[in-house]
Colleague: 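So that we are looking at the same thing, I have put the structure below in structure tokens.
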Amino acid sequence: MRKDIADLRKDYDLDTLDEARAPRDPFVLFATWFEDAKQADPGDANAMCLSTIDERGRPRARFVLLKDLDADAFVFFTNYESAKGSELQGVRFAALTFFWRDLER
């Protein structure tokens, strides 16, 4: 079975990111890509993986929904008493990952 898993591979070559031509502001680029994602898959375009660090330095990841985007922030809702709320209060850094399959981004 391991060979079968290793053989699962897709080349993501639909488009490339030319950093020299990309906007300097990453939020501008994200807004453009997000509009593309909403057109391609309106039901899941705002699904994102939120990764945080717990008090022992261990990463934790879960899926949440992007609720808004402003000039310098991604907005999502959480209970401040939840694990993710506590972890974000303890370590003010997190990672967001979007996967837009149809766009290969």
Colleague: Do Phe77 and Asn79 make a side-chain contact, defined as non-hydrogen atoms from C-beta onward lying under 4.5 Å apart?
Modeller: no
Colleague: Show me the pairs that pass salt bridge (charged side-chain N to carboxylate O under 4.0 Å, His left out) and involve residues 94-105, at least two apart or across chains.
Modeller: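 As it turns out, the salt bridge (charged side-chain N to carboxylate O under 4.0 Å, His left out) pairs with a partner in residues 94-105, which skip direct neighbours, are Lys10-Glu104, Asp15-Arg105, Asp36-Arg105.
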Colleague: Enter the distance from Asp7:CG to Ile5:CD1 here, rounded to the nearest 0.5 Å.
Modeller: 10.0 Å
Colleague: Could you verify whether a donor N or O on one side chain and an acceptor N or O on the other, from Ser51 and Arg62, lie under 3.5 Å apart?
Modeller: no
Colleague: Just checking Gln39: does its CD atom have more than 12 heavy atoms from other residues, nucleotides or ligands closer to it than 6.0 angstrom?
Modeller: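 No, the 6.0 Å shell around CD holds no more than 12 heavy atoms from other groups.
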Colleague: Do side-chain atoms of Ser82 reach the backbone of Thr78 as a donor and acceptor pair under 3.5 angstrom?
Modeller: no
Colleague: How many angstroms lie between OG1 in Thr16 and CZ in Arg21, if you round to the nearest 0.5 Å?
Modeller: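 Going from the OG1 atom of Thr16 to the CZ atom of Arg21 covers 9.0 Å.
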Colleague: Can you list, by chain and residue number, the hydrophobic cluster partners of Phe74 when the side-chain cut-off is 4.5 Å?
Modeller: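 Members other than Phe74 - counting any ILVMFWY side chain reachable under 4.5 Å - are Leu17, Phe27, Leu29, Phe30, Trp33, Phe34, Met48, Leu50, Val64, Leu66, Leu69, Phe76, Leu88, Leu96, Phe98, Trp100, Leu103.
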Colleague: Can any side-chain N or O of Asp54 pair as donor or acceptor with the backbone N or O of Gly57 at less than 3.5 Å?
Modeller: yes
Colleague: Test your reading of the model: is there a side-chain donor-acceptor pair from Asp41 to the backbone of Ala45, 3.5 Å cut-off?
Modeller: no
Colleague: If you count the non-hydrogen atoms of other residues, nucleotides and ligands that lie under 6.0 Å from CD in Gln89, is the total more than 12?
Modeller: yes
Colleague: I'd like to know if Lys38 and Glu35 make a salt bridge, using a cut-off of under 4.0 Å between side-chain N and carboxylate O.
Modeller: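 Looking at Lys38 and Glu35, the cut-off is met.
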